Amino acid sequence: MIKKNYRRAVDGGIIEIPLWDNFGYSYAKRIDGTKHPELEGLIDIIRVFNFWTKEPLEDLTILTTTPTLISLLVAGLSRPITQKYWKVVGKSSIINDDLEPLILKKRIDDEDPWFLTENGRKRVELPVDNTWDDYEQYIYQGTGNIEIMLTLKFMELEGINPQDHMDVTDERVSWMLK
């Protein structure tokens, strides 16, 4: 069940995320890891629904049966919400799937073969021949990067060529295309 009229990023809050270049809107559920021990205190996890629309949703119930596309840790979630770039449009119950631990990997330094993994808590040494592209880089992304990333992902799922709709010379977009 989804309730409406929330003004901040509460645990279970449904967030409307504008996609890049007016492509439409996506939706995510915010999970506050500080309230769920199984998430080891990670703040501002969003579970992005595998759903996008050209116009903002009036009825959020479609999201109750929509699977998660990706889970992300968001850097600085409160600012885009207080400045109304992203909107909290409802609240949903936390379900067991929301409490699955995140498996995140990110290279700390190009010269350093150490990576953060398993909720960002454990450092694991990896063989030197592993490259950046072998690992997911979705750890504490900025909201602008998330908007671009999701737009590119939904375009890919729809079979749309980003070069036909986006300024791929914009360094933020070209970085995400790599």
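What you see is a predicted model; the values in this text were computed from it and never measured.
- Shown are L69, L150, L19, L157; of these, the side chain to side chain contact (heavy atoms under 4.5 Å, CB included) with W52 is made only by L19.
- In this structure, CD on E147 lies 12.0 Å from CG on L152, to the nearest 0.5 angstrom.
- In this structure, the side chain of D32 engages the main chain of T34 through a donor-acceptor pair within 3.5 Å.
- Within the model, atoms OG of S78 and CH2 of W86 stand 11.5 Å from one another, a figure rounded to the nearest 0.5 Å.
- Between V10 and R30, the closest heavy-atom pair is O-CD, 3.5 Å.
- Side chains of Y25 and E16: a donor-acceptor N/O pair is absent below 3.5 angstrom, by distance only.
- A 6.0 Å sphere centred on CG of D164 holds more than 12 heavy atoms belonging to other residues, nucleotides or ligands.
- By the 4.5 Å heavy-atom criterion applied to side chains, F49 and I14 are counted as neighbours.
- Considering OG of S71 and CD1 of I45, their distance stands at 8.0 Å, rounded to 0.5 Å.
- The CG atom of L77 sits 11.0 Å away from atom CG of L72, with the distance rounded to the nearest 0.5 Å.
- Under the salt bridge (Lys or Arg N to Asp or Glu O under 4.0 Å) criterion, D98 pairs with K29, not counting sequence neighbours.
- In this structure, I15 and I81 have side chains that are in contact, with non-hydrogen atoms separated by less than 4.5 Å.
- Residues satisfying the salt bridge (Lys or Arg N to Asp or Glu O under 4.0 Å) test with K153, not counting sequence neighbours, are E156.
- Under a 3.5 Å cut-off, the side chain of Y27 and the backbone N or O of V89 do not form any donor-acceptor pair.
- Atoms CG and CG, from L63 and L57 in turn, are 5.5 Å apart once rounded to the nearest 0.5 Å.
- With sequence neighbours left out, the ring pair (Phe, Tyr, Trp, His ring centres under 6.0 Å) criterion links F51 to no other residue.
- Residues Y85 and V48 share a single hydrophobic cluster, defined by chaining ILVMFWY side chains whose heavy atoms lie under 4.5 Å apart.
- Heavy-atom contacts from other residues, nucleotides or ligands closer than 6.0 Å to CG of N161 number more than 12.
- Here the shortest heavy-atom pairing between P80 and T143 reads CG-CG2, 3.5 Å.
- Looking at R47 and T68, their side chains never bring a donor and an acceptor atom within 3.5 Å of each other.
- Other residues, nucleotides and ligands contribute more than 12 heavy atoms inside 6.0 Å of the CD atom of Q83.
- Heavy atoms from other residues, nucleotides or ligands lying under 6.0 Å from NZ of K54 number more than 12.
- Two different hydrophobic clusters hold I31 and I95 under the rule that ILVMFWY side chains link at heavy-atom gaps under 4.5 Å.
- Here CE of M149 is found 10.5 Å from OG1 of T151. Values are rounded to the nearest 0.5 Å.
- Across all their heavy atoms, I17 and A28 have their closest contact at CD1-CB, 3.9 Å.
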